[in-house]
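Small disclaimer: the values here were computed from a predicted structure and weren't measured. So that the names make sense, note that chain A is the first sequence line, chain B the second, and so on, each numbered from 1. Note that these values count all heavy atoms, side chains included, but never hydrogens, waters or copies made by symmetry.
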Protein chains: 2
Amino acid sequence: MRVRDEHKEATIRQKAMEMIVAEGFHGFSMQRLAKAANVSPATIYIYFKNKEDLLNSLYNDVHQTFARVALENFDPNASLEDGLWLQWKNRMKFIFEYPSHYRFYDQFRNSPLIHHKDIKESGFKEAMKSFVMNAIIRDEMARIEPETFWSIAYGPFYSLLNFHLMGKSMMSDQYTVSDEKMKRLLRLVLKALRP
Amino acid sequence: MRVRDEHKEATIRQKAMEMIVAEGFHGFSMQRLAKAANVSPATIYIYFKNKEDLLNSLYNDVHQTFARVALENFDPNASLEDGLWLQWKNRMKFIFEYPSHYRFYDQFRNSPLIHHKDIKESGFKEAMKSFVMNAIIRDEMARIEPETFWSIAYGPFYSLLNFHLMGKSMMSDQYTVSDEKMKRLLRLVLKALRP
DNA sequence: AATATAAATGAATGTTCATTCTTTTATAAT
DNA sequence: ATTATAAAAGAATGAACATTCATTTATATT
């Protein structure tokens, strides 16, 4: 029998993401995607049940990659500063390496059609939990509700990042954020978290 | 001559926002909007040049309302704590009073089709600038780059808010955030900003 | 009351959409 | 080499789309 050209699926996925990032969910259609990926519309339906399935698959894919990258080299026993900095750096690496993945992710997350089933959490929560517990025990950090911790530990990070990704920075047209700037931000965050 | 029924335009606007919040940009169409607002499709084109014009108009409307509400009773000479708390409260009031406006705004902002022309800034930036300058002079706050200040002062706020709006809070199903919780968050933020 | 005018309409336009159908093509197994 | 099978294609389907057109309706002015 004829064998699947896995390269085709990869192309479809990549082009779909690019189209959505460039033109949003409106302006995205299966026929235009087929043209962009150089396949027949019918071919897409070999790999994906329908449009919704394709979008969900893309989302889950990005979500899992993101979660995996965020925890690369992560040690739950690291100090609060080291652990948080590693996670920030991991996320930045991913975001600046695959900007369209992140933009797609962000756009999808803010859209109403999320069914976040099928998403494997891959021990993310557990790792974070013990990381935070350690920090509290070591007295590097005050006792803070989990949501509040999350908001302080990542809210400013994403906020500053988005300033740069959206080009809303009034001062520079750089695409990345300098490590120094992020380090300065991290120091403020750590100050907030201290006991 | 026949007179315009301004109520019609308001209905169209409201229904459009509700539809987009409920079903996203996909799933939104002029014909379905016409049905939802109980008007003929052609009527929409009396009030809006086309679909894009309608969406931009909605966005600008929400943006301006939001900016106006955020500054209600705001005094640039207030202390950092009072000024920031007032803004947070104003934003919360708006967001919880008109959740669909905020969800629409968030979704639109994350979509690629933003042409943020036509947006009157209404002295927002100036007010914030002098507010921050005052705080620095009074030594309530360290010298911090504007972007970094913004990220610390609002990043955690929106992050915590979104936890609740998206129902991702694992602990409660409440729609609003308690003032106490927000106050606790504000104290952490102020700690971060201190000189 | 008559007129002028813009609001409002329902039906119609041509286009694009998601999806499917039929046919062709490549290859693994025989 | 032949066969079986799934991949891949292109054309086709009907539904939904944005927008416009011809007509009717309401009202402010005369």
Side-chain angles (χ1 to χ4, degrees), chain A residues 1-61 104 107-108 111-115 118, chain B residues 1-61 104 107-108 111-115 118:
Chain A
M1 62 166 183
R2 189 168 176 180
V3 80
R4 274 204 193 193
D5 181 353
E6 294 300 336
H7 175 65
K8 269 196 171 56
E9 187 184 343
T11 307
I12 291 169
R13 296 189 104 100
Q14 182 57 35
K15 290 288 177 189
M17 217 123 58
E18 284 171 14
M19 282 177 71
I20 289 166
V21 167
E23 312 158 42
F25 284 115
H26 52 297
F28 172 75
S29 88
M30 298 298 261
Q31 318 212 86
R32 302 211 305 115
L33 171 59
K35 196 155 267 181
N38 264 309
V39 295
S40 158
T43 302
I44 302 176
Y45 287 84
I46 293 169
Y47 294 91
F48 304 95
K49 201 159 69 69
N50 51 38
K51 194 181 175 182
E52 197 194 336
D53 180 49
L54 165 61
L55 293 175
N56 280 327
S57 173
L58 289 177
Y59 179 73
N60 287 349
D61 198 40
F104 168 81
Q107 217 176 310
F108 199 94
S111 90
L113 248 169
I114 303 185
H115 311 301
D118 294 346
Chain B
M1 62 164 187
R2 189 168 177 179
V3 79
R4 273 202 193 193
D5 181 355
E6 294 300 336
H7 174 66
K8 268 195 171 56
E9 187 184 341
T11 307
I12 291 169
R13 297 188 105 99
Q14 181 58 34
K15 289 287 177 188
M17 216 123 57
E18 285 171 13
M19 282 177 69
I20 289 166
V21 167
E23 313 157 41
F25 283 116
H26 52 298
F28 172 75
S29 89
M30 299 297 261
Q31 318 213 81
R32 302 212 305 117
L33 171 58
K35 197 155 266 182
N38 263 310
V39 295
S40 159
T43 303
I44 302 176
Y45 288 84
I46 294 168
Y47 294 93
F48 304 95
K49 202 159 69 67
N50 52 38
K51 193 180 175 182
E52 197 194 337
D53 180 49
L54 165 62
L55 292 175
N56 280 326
S57 174
L58 288 177
Y59 179 73
N60 287 349
D61 199 39
F104 168 81
Q107 215 176 314
F108 199 93
S111 91
L113 249 170
I114 302 185
H115 309 302
D118 294 346

Just how far, in rounded Å, is [atom2] of [N] from [atom1] of [X]?
X        : N       : atom1 : atom2 : result
Lys51(B) : dC17(D) : NZ    : C1'   : 8 Å
Ile46(B) : dC21(D) : CD1   : C1'   : 13 Å
Asp53(A) : dA18(C) : CG    : P     : 14 Å
Glu9(B)  : dA8(C)  : CD    : C1'   : 14 Å
Glu6(B)  : dA7(C)  : CD    : P     : 10 Å
Lys35(A) : dA18(C) : NZ    : P     : 13 Å
Arg32(B) : dT19(D) : CZ    : C1'   : 18 Å
Ile44(B) : dT9(C)  : CD1   : P     : 10 Å

Could you check if a side-chain atom of Lys15(B) sits within less than 4.5 angstrom of a side-chain atom of Asn38(B), using non-hydrogen atoms only?
-> no
Check: Met30(B) and Leu54(B) side chains under 4.5 Å, non-hydrogen atoms = yes
side-chain contact (heavy atoms from CB on, under 4.5 Å) involving Gln31(B) - partner list, sequence neighbours excluded = Ser29(B)
Between dA7(C), dA18(D), dT19(C), which nucleotide gets closest to the side-chain atoms of Asn50(A)?
->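 Nearest nucleotide to the side chain: dT19(C).
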Choosing from dA18(D), dA9(D), dC17(C), which nucleotide comes nearest the side chain of Tyr45(B)?
-> dA18(D)
At less than 4.0 Å, is any side-chain N or O atom of [X] found next to OP1 or OP2 of [N]? Yes or no.
X        : N       : answer
Tyr47(B) : dA7(C)  : no
Thr43(A) : dA9(D)  : yes
Ser29(A) : dA18(C) : yes

Report, as yes or no, whether the 6.0 Å neighbourhood of atom NZ on Lys51(B) holds more than 12 heavy atoms from other residues, nucleotides or ligands.
->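 Result for NZ/Lys51(B): enclosed.
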Examine Arg13(B) relative to Tyr47(B) and say whether NZ or CZ is less than 6.0 Å from the centre of the six-membered ring and inside a 45° cone about the ring axis.
-> no
Look at the rings of Tyr59(B) and Phe108(B) and say which category their plane angle falls in: under 30° parallel, 30 to 60° tilted, over 60° perpendicular.
->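 Parallel: the ring planes of Tyr59(B) and Phe108(B) meet at under 30°.
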Thr11(A) side chain to His7(A) main-chain N or O, any donor-acceptor pair under 3.5 Å?
->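 Checked: pair present.
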Reading nucleotides 25-30 of chain D from the 5' end, what letters show protein touch, with B for base, S for backbone sugar-phosphate only, - for no heavy atom under 4.0 Å?
-> BBBB--
Between Phe28(B) and Gln31(A), the residue closer to the 5' end of DNA chain D by nearest nucleotide is Gln31(A)
